[in-house]
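Data block below; observations after.
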Amino acid sequence: MKNIVIAIDGPAGAGKSTIAKILAKRLNIIYIDTGAMYRAFTYKFLKNNKSIEDKEAIKEMLDNTEIDFRNNHIFLDGKIVDNEIRKNKVSKNVSNIAKIKEVREKLVLLQRKIANNKSVVMDGRDIGSNVFPDADYKFFINASAQERGTRRYKELEKKGTSIKLENIINEIKQRDKIDSTRKLAPLTKTEDAIEINTTDLTIEETIEKVLSNIRERG
Ligand code: DC
């Protein structure tokens with residue numbers, strides 16, 4: 001069977017990774033969370049207390065950074081960092097790190113390399129527009145900022161973290177703004193992507209829409 005690439009893009013908290021994970025399982029192909037890669041580098045960057053202006057330090061750090069996925073875990077320099085990269089401090093800073101040219105260049109190369117000769121579902125912001133412009137299937141998963149904030153709020157509540165809903169929504173809007181207005185590979189829906197608004201859809205309904213589109217197009 002021919003290798004396929006399914007690109008899933010969209011703003012923060014729209015449900016991309018939930019959808020992509022389930023999809024990969026059902027199709028028995030690999031899932032690559034590119035946001036997690038930007039988060040892993042951001043986590044390392046913050047831990048090292050470097051300035052975002054210090055391009056030399058960033059380049060050196062990039063040269064000495066290994067990110068990969070194994071057994072559904074993300075590894076940063078050989079260590080699992082699944083939980084560390086979801087911390088609020090990383091979420092708050094990741095959009096500004098993801099704007100940096102050198103960071104994007106390295107991570108996009110790595111994304112293409114990981115997907116080489118495999119069938120993959122890859123989620124992010126620029127997969128259909130930049131990483132794999134020739135992807136076989138492209139989806140743009142969206143939801144209102146209010147709904148995305150509420151989902152995130154419920155997730156955090158379950159974990160016992162209390163942050164005001166209003167603050168979460170504002171942070172999401174702030175990230176949307178940075179991600180969609182940056183110079184390099186901004187968040188955008190390409191013309192050939194199928195847009196699915198998940199505001200009033202369950203996870204299963206969204207999966208069904210994606211799968212029926214894939215089936216229709218063969
Ligand atoms: O999907 P996420 O929220 O985990 O992504 C974290 C950040 O990484 C997001 O705010 C922007 C950046 N990102 C990106 O610039 N390009 C991608 N392909 C994926 C994520």
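As the structure lists them, so they are numbered: ligands from 1, and atoms in each ligand from 1.
Looking at atom 19 (C) of ligand 1, its nearest protein heavy atom turns out to be Thr34 OG1, 3.3 Å. Regarding atom 18 (N) of ligand 1, its nearest protein heavy-atom neighbour is Asp126 OD1, 2.7 Å. Protein heavy atom at the shortest distance from atom 12 (C) of ligand 1 is Ala98 CB, 3.7 Å.
In terms of polar-atom proximity, Arg39 is counted as a contact of ligand 1, with an N or O under 3.5 Å from an N or O of the ligand. Polar contact with ligand 1: present for Ser95 (N/O pair, distance under 3.5 Å).
With distances taken over non-hydrogen atoms, the option nearest atom 15 (O) of ligand 1 out of Arg125, Arg104, Arg175 is Arg104.
Side-chain atoms of Asn116 and Lys113 include no donor-acceptor pair closer than 3.5 Å.
Between Lys154 and Glu157 there is no salt bridge, since none of the side-chain N atoms of the basic residue sits less than 4.0 Å from a carboxylate O of the acidic one.
Formation of a donor-acceptor pair under 3.5 Å by the Ser144 side chain with backbone atoms of Glu147 is found in this model. One N or O on the side chain of Lys16 and one on the backbone of Gly10 form a donor-acceptor pair closer than 3.5 Å.
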Show me, pair by pair, the donor-acceptor contacts under 3.5 angstrom made by side chains of residues 208-218, not counting sequence neighbours?
unit_1: Glu208; atom_1: OE2; unit_2: Arg215; atom_2: NH1; d: 3.4
unit_1: Ser212; atom_1: OG; unit_2: Glu208; atom_2: O; d: 3.1
unit_1: Ser212; atom_1: OG; unit_2: Lys209; atom_2: O; d: 3.2
unit_1: Asn213; atom_1: OD1; unit_2: Arg217; atom_2: NE; d: 2.9
unit_1: Asn213; atom_1: OD1; unit_2: Arg217; atom_2: NH2; d: 2.7

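The side-chain contact (heavy atoms from CB on, under 4.5 Å) search around Arg112 returns Val108, Asn130, Val131, Phe132, not counting sequence neighbours.
At a heavy-atom cutoff of 4.0 Å, ligand 1 is contacted by the side chain of Arg182 but not by its backbone.
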